[in-house]
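Atom set for the values below is all heavy atoms of this structure, side chains included, hydrogens, waters and symmetry mates excluded. Counting begins at 1 with the first residue of the sequence.
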Amino acid sequence: MMNHLQAQMDALNAGMQGDAELSQLDSAMADALAASKKVYRDITKESEFILLIKKLIEADIPMERFSPEVSTKIDYDHMHIISIKTQDIINNESNKSYFAEFLCQIETMQRAGLNINRKITCKNNELYVTYEIAGSQWKYLENLGRYWDDIIYIKERIGSWPNQEIDELNKKFLNKITGPHDMIIN
């Protein structure tokens with residue numbers, strides 16, 4: 001009962017604060033996004049997006065693989081891509097540059113015709129910016145889900161394993177994501 005009540009409170013909180021939070025996020029990201037667009041080149045394959053997510057995780061930007069939103073209904077029309085606490089972006093200058101590159105890649109995918117939306121979600125009174133893709137287009141990003149555990153595995157070993165072994169893990173990972181399942185986005 002308490003989880004259901006908390007989910008209702010979180011949904012209400014996200015609904016009430018969503019527009020203001022997105023506006024605050026957009027405002028905080030304006031300079032970093034403009035700087036990123038000056039050096040950004042469009043991605044063409046899903047593996048490039050996966051490598052950016054890996055870079056974000058290795059930079060200790062807290063992300064949620066699954067939607068933090070606790071809901072009593074299932075949305076079959078959209079698939080969760082990623083969620084990040086808005087304050088972890090707004091209040092951290094180094095996170096802004098990484099997130100700006102993420103936004104550029106999202107824009108590239110949108111221009112290529114992928115239906116990617118963002119919304120504010122909430123869990124335990126913490127607001128997240130959540131990105132979703134139309135369920136019918138999930139095939140373009142399903143490798144992110146397939147290789148997420150590999151990213152975490154490598155991240156957890158950085159600093160405790162010799163660099164040579166980390167390099168070998170990274171080479172194997174790159175071979176996996178750039179293989180025959182790498183989807184062309186653009």
[X] [atom1]: over 12 foreign heavy atoms closer than 6.0 Å:
X	atom1	result
N175	CG	yes
F102	CZ	yes
N91	CG	yes
Y140	OH	no

Only counting residues at least two apart or in another chain, list the ones meeting salt bridge (Lys or Arg N to Asp or Glu O under 4.0 Å) with K155. D60
Is a donor on one side and an acceptor on the other found under 3.5 Å between the side chain of [X] and the backbone of [Y]?
X	Y	result
E21	I120	no
N92	N95	yes
N143	H181	yes

Between [X] and [Y], does at least one N-O distance fall below 4.0 Å, as a salt bridge requires?
X	Y	answer
R157	E165	no
E93	K96	yes
K37	E107	yes
D42	R111	yes
D167	K172	no

Given D26 and R118, is the salt bridge (charged side-chain N to carboxylate O under 4.0 Å, His left out) satisfied, shown in steps? CA-CA 12 Å; D26 290 344; R118 73 176 182 165; 2.8 Å; yes
Any chance the side chains of N117 and E132 put a donor and an acceptor closer than 3.5 Å? no
Evaluate side-chain hydrogen bond (donor to acceptor under 3.5 Å, both in side chains) for K54 paired with N170, printing each intermediate quantity in order. CA-CA 10 Å; K54 182 178 181 291; N170 281 323; 2.7 Å; yes
Under the side chain to side chain donor-acceptor pair (under 3.5 Å) test, which residues partner [X], sequence neighbours left out?
X	answer
N115	none
N124	none
E48	R41, T44
S36	none

When rounded to the nearest 0.5 Å, the distance separating CE of M183 from CG of L144 is 14.0 Å
Taking side chain as C-beta onward, heavy atoms only, is [X] less than 4.5 Å from [Y]?
X	Y	value
L52	E101	yes
K85	V129	no
M109	L141	yes
I89	M29	yes
I90	F99	no

When you look at E58 and K55, which way does the salt bridge (charged side-chain N to carboxylate O under 4.0 Å, His left out) test go after all the steps? CA-CA 5 Å; E58 288 175 352; K55 186 165 102 175; over 6 Å; no
What verdict does the side-chain contact (heavy atoms from CB on, under 4.5 Å) test give for L169 and F173, after you've listed the backbone C-alpha separation in whole Å, the side-chain angles of each residue and the deciding distance to 0.1 Å? CA-CA 6 Å; L169 285 176; F173 179 74; over 6 Å; no
Residues sharing L12's hydrophobic cluster, by side-chain heavy-atom contacts under 4.5 Å among ILVMFWY, directly or via others? M16
